[in-house]
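I have placed the structure first, in the form of structure tokens, so that the comments after it can refer back to it.
From a predicted model like this one, the values you see are computed outputs, not experimental measurements. Protein chains get the first letters and strands the later ones, always in sequence-line order, with residue 1 at the start of each.
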Amino acid sequence: MSVPAPAGEYDAVELEERGMARWREEKVFSRSIELRQGGERFIFLEGPPTANGKPGIHHVVARSFKDLVCRWKTMQGCYVARKGGWDTHGLPVEIEVQKRLDLKSNEDIIEFGMAEFNQECRTSVWTYEDAWRKMTERMAFWVDLDNPYITLHNEYIESCWWAIQQMFDKGLLYRGHKVLPYCPQTGTSYSSHEVALGYKEVEEPSVYIKCKLEGEGSERFAGASILAWTTTPWTLPGNVGLAVGKEVTYLRIKVSEEASDSWDGRGGAEVGEELILAKDLFKEVIRHQCEVLEEFPGSELIGMAYTPLFPDAVERGDSETAWTVVNADWVTTSDGTGVVHTAVMYGEDDYELGMEVGFPAQHTVDIGGRFIASTHPLLDGRYVKDCDDDIIDFLADENLLYREKMYVHDYPHCWRTGHPLLYYAMDSWFVRMTAVKDRLLEFNDQVEWAPDWVGEGRFGEWLRNVKDWAISRERFWGTPLPVWRDEQGGMKCIGSISELQAEVAKAVAAGFDNPECPDDVDLHRPVVDDFTLVNAEGKAMKREPFVMDCWFDSGCAFFAQWHHPFSGETDLENNFPIDYICEGVDQTRGWFYTLLAVSTAVFDSICYKRCLSLGLILDAEGKKMSKSKNNVIDPWDHFNREGADSTRWYMMVAGAPWNPMKFDPNGVRETYGKMFLTLWNVYRFHADYAALDKFDGEDAESGPPVAERSPLDRWILSRMHSVAISYHDQFASWDFHKAGRDLEDFVVNDLSNWYVRRSRRRLWDENESGDKRSCQATLHEVLITVCRLMAPVAPFMVDEIHLNLCGESVHLADWPIAADVLGPDGSATEEQPGLPPLDAALEARMALVRLLAENGRRIRVDAKRRQRLPCLEGWIVGGPDLSKFHDLLGEELNVEKISTENDLDRFQKIELQPNHKALGKKCRGDLPMVLNALDLIEDAEIALDDIREGRMVLAGYHIEVGDIEIRRVERIGYAAQTFEVGDEVKVDVSLVLDMSLDSALLSKGLARDIIRRIQQKRKDLDLLIEATIDLDVWLPLGCPELVEVDWAWVKAETRAEPATLHVGAPDEGEAGESEDSEVESFTVDTDTIYFSVQ
RNA sequence: GGGCGGGUAGCUUAGGUUGGUUGGAGCACCCGGCUGAUAACCGGGAGGUCGCAAGUUCAAAUCUUGCCUCGCCCA
């Protein structure tokens, strides 16, 4: 038994808060999962947020899409566990703490105390945890935040260590160099994020240097100098090669005259000296009169040797390519000379190129930013940025300088000290992703990406160019790299706490001092740094002083959340690979990549099967939301106004999930007003009457069988069926936005604006009637289905409705589309047994009825016939039989009698229209001529006969029936509209209205006008629907007569008892005895009518 | 500089793969109608060089190329 309670007003915030409390008390979330125990598992992995920043609206978007899929799958019967997670390590945390404690450098941190610093980080990570929890609950993201995985936990770190060891053992982990922006003052290398904080525009000397070609292999250009350009003279001692583009065109030129007097700065060239540079840059660079000796592609320069600028700075070692010209595809002629000076240790491209071609990789600058002893006597031991001038002098003296030029550019500076950053090759650890590239690509092919172009394009492209992953950071707060190294370079990688304990014990036995290493040893720095291990020779091993890239942490989430392989043996088995992940598209090279990278390197497996990549959230003006622009939208603005339902629904409907979303606060408002208020009022209409009538929708006896209900009922039920199926199918193909728009259209247009509007009077009936119960049963069934369809997206309101109508939470209910009739791709292929019967013909017919109703109103407007004045007759010409709906149409259009008329020609003639597609194929270039000829045809009837009998030739082309389309248009003088209906077979349907007028019609029209005014008055007076009134109406002389039946109708409709009809205008004082009644008037056509209501 | 995606009415957008009749909606605006129908509804109007240019074609918002512009990622 579940008779609904009346609905009351819609107060989104109050309703949702009530819902939250109910879910909490009744443990609806956990019950919704437990209920599907034994169902197919749908594995979701939550991308862990960091709680050291405030949650914003973009987080709500991502969480909405996570939640809706999980809820949807749950309702389909899947077991969907949802473990929460927190990302707690990493740079942003450290920066935050450094700012707060004013620690400017790594040295400052060490001085402050690494342990204390990390303790600060550990606390800082949770700054906004409460804000996150509140947001999560308020937006109704169902995720288990009571048992989350947390990346700073020992168990989590231990799992990460295990994975690192796996990679180490497979030879996928190695130590190398990485060129990073580095600040010698703070001793810190910077991430791009930090670099971005400190760009400054500076003017610096740039130099064109001459590298003289000579020696073996350089015979072709012997004696000529290649011109190279750099903006960082301090890197010149480290020069070990020159890069050219093999397809770039170069010139060899000969200086033919002395430089002019206007020569600016140091450097120069002598007459007869030969120089080589890119053709495109010749004019820009060269300041001498020159003779062009030859033109050739860069490929001819490759392999040439030149004289080192600073012969003592770098040792050749066994390099065969040092100080030669090599090819690099990235060389351009946009600036410089088309020849790129390469200092392996001081540029990322330089380093990669150096590794590729085998240049010597040696530092000329130490970690403090000073030149290493033996670089050059002028420079040794000096801070590099102080040496620019001396280096230029030296080059000029040696005749190695062609020109100097001041150069203005944006250059990264340390955001803490303001010093310029140096690009510097740092010791670094890498995962050899290049070794598993094929597997990465293979696994990526198996992922179902939404949208597919992210997987194929953006991500696929990235994978095809995959580089080794630099996973170490010279930082403090993170998962420590568990590698210990001896002075000879021997290494040991630790994969668990117990292994660490064993190794520590071994070292202690070998005589090394070590702190205690208990079971709950903190796996962070500096604790782990303090352990000294021992190698096979009994020598000490110290830990490599790095922490892991925090992306590595989150990339381990799929197994580290279970503390694999140390506990929960079956957890990973049951939860891998992942069915669904969803994050912003900015995670493509972030989490999407690191998950796949870790699962490939460690498990040699696919990681996730489906990935929804969300577009960025922009503000209403299309700008990225950022704190600095102050355009971040606080989700609570909407939670506290329109509520989470409207906010979530808006997010789904606003656009395809992968498109950038311009978050428009007005859009949320619109969703609230349109979708949710409308649905609520439909529900309220039903619930209020159901409560009044003690209607129990769950009682099978309460509603007549569908087949016995009115066509209107059967229509909305069939529509419900169709909409449910397409909604489901659009979910299955990730088109959530389309699904939402369709359902919104159904609720607003089909259900509210048509079904409920057309059904209102049925429920007013105070007696029990089969028709009333049909309507109530229908509303009940439709509302239940709508609730279930909406539940994954907007979980609050529909839960309240569902609960009130059938006594059960919608989140424990089943998805209306039964899982066992789904096709292989998850789409609903068959008719759904759980849904009401489908009746396509009825839907088509009703669509036509509505079309006729809309167009009928247009006919009235065109004919200037106001709606309240009835028409005597209307005819429908052509189309399917609509006789069941004639009464309905009559009411809609205020036409006394609608009938079917078969004689089309009575109102219509035909016109011939070209079928462009068919004619275009046939006539090609002559199409305009044919169209013109068709246009000139005067009698379409005759022409049509000619065409049908194959006699029609236009502009030399034989015209067939398929080449033209026949359109029916009303004959002049009729108030009519014609339109084409049908999907495959087109049929013309016309509606014709009789515009004649007589006194009976005028009387009815008058009655309607009066009723309308009185009803408005009743509403203004806030009268109860069942309240009666005292009514006086004064009709002026000359006004159309109001016949008795129409006056009776007025009285009945307005519940007027007693009621008096007067002729003429009211006298003073005749307005009734009571003070609160007053005489009002209104005008119909030209007549002024007075009335008073008491 | 490279990769990916976007640019359609004042705003938000559909359509774009498969070229074909007059480029659809919603919000806002104007006019009219209707309402015991809700922050509602209905009819009409105004509002578009479909980013620009060239090309292919009888025909381009749609296909091709180049450019401009915005965003993301990478350099």
[atom1] spacing across the pair [N] / [M], given as an integer number of angstrom:
N	M	atom1	result
B:G45	B:G23	P	14 Å
B:C63	B:U18	P	9 Å
B:A75	B:A61	C1'	34 Å
B:C70	B:C52	C1'	15 Å
B:U57	B:G19	P	16 Å
B:C74	B:U12	P	27 Å
B:U13	B:A28	C1'	15 Å
B:G10	B:G32	P	25 Å

Can you tell which of [options] lies closest to the side chain of [X]?
X	options	value
A:E348	B:G26, B:U38, B:A75	B:A75
A:S752	B:A75, B:U38, B:G15	B:U38
A:N681	B:A75, B:U38, B:A39	B:U38
A:K738	B:G36, B:C42, B:G15	B:G15

Euclidean distance, atom [atom1] of residue [X] to atom [atom2] of [N] [Å, nearest integer]:
X	N	atom1	atom2	answer
A:W680	B:U38	CH2	P	16 Å
A:M661	B:C11	CE	C1'	16 Å
A:M652	B:U12	CE	P	21 Å
A:Y650	B:C27	OH	C1'	12 Å
A:F663	B:U13	CZ	C1'	16 Å

Discussion item. Over all strands shown, is A:Y672 touching base, sugar-phosphate only, or nothing at heavy-atom distances under 4.0 angstrom?
Written reply: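 Counting heavy atoms under 4.0 Å across all strands, the contact made by A:Y672 includes a base.
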Discussion item. Students often get this wrong, so: under 4.0 angstrom with heavy atoms, is A:N465 touching a base, only sugar-phosphate, or nothing?
Written reply: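 No contact at all - A:N465 keeps every heavy atom at 4.0 Å or more from the nucleic acid.
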Nucleotide forming a Watson-Crick or wobble pair with [N], both distances under 3.5 Å:
N	answer
B:G5	B:C70
B:G26	B:C11
B:A46	none
B:C34	none

Item to complete: Would you indicate, yes or no, if B:U35 has its OP1 or OP2 atom less than 4.0 angstrom from a side-chain nitrogen or oxygen of A:R1008?
Response: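 The answer is yes; a side-chain N or O of A:R1008 sits under 4.0 Å from OP1 or OP2.
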Discussion item. Taking 4.0 Å as the cut-off, does a side-chain nitrogen or oxygen of A:K674 come that near to OP1 or OP2 on B:C41?
Written reply: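 Checking B:C41 against A:K674, no side-chain N or O comes under 4.0 Å of OP1 or OP2.
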Fill in: cation_pi(A:R684, A:Y10) dist<6.0 Å, angle<=45
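No.
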Fill in: Beyond-backbone contact of A:F736 with A:L612, side-chain heavy atoms, under 4.5 angstrom
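Sidechains of A:L612 and A:F736: in contact.
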Worksheet item: How are the rings of A:W449 and A:F592 set to each other: parallel, tilted or perpendicular (split at 30° and 60°)?
Response: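 A:W449 and A:F592: perpendicular rings.
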Worksheet entry | Donor-acceptor under 3.5 Å (A:D750 side chain, A:D745 main chain) |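 Absent.
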Worksheet item: Under 3.5 Å, is there a donor-acceptor pair between the side chain of A:T671 and the main chain of A:W649?
Response: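 It does not hold such a pair.
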Worksheet item: Less than 6.0 Å separating the ring centroids of A:Y650 and A:Y672?
Response: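 No, ring centres 6.0 Å or more apart.
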Fill in: Close aromatic pair by centroid cut-off 6.0 Å: A:Y423 and A:Y182
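A:Y423 vs A:Y182: aromatic centres not under 6.0 Å.
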Fill in: Residue met sooner reading RNA chain B from 5', once A:V756 and A:K467 are mapped to nucleotides
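Taking each residue's closest nucleotide, the earlier one in sequence belongs to A:V756.
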Worksheet item: Which sits closer to the 5' end of RNA chain B, A:L679 or A:R741, going by the nucleotide each is nearest to?
Response: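 Nearest-nucleotide comparison on RNA chain B picks A:R741.
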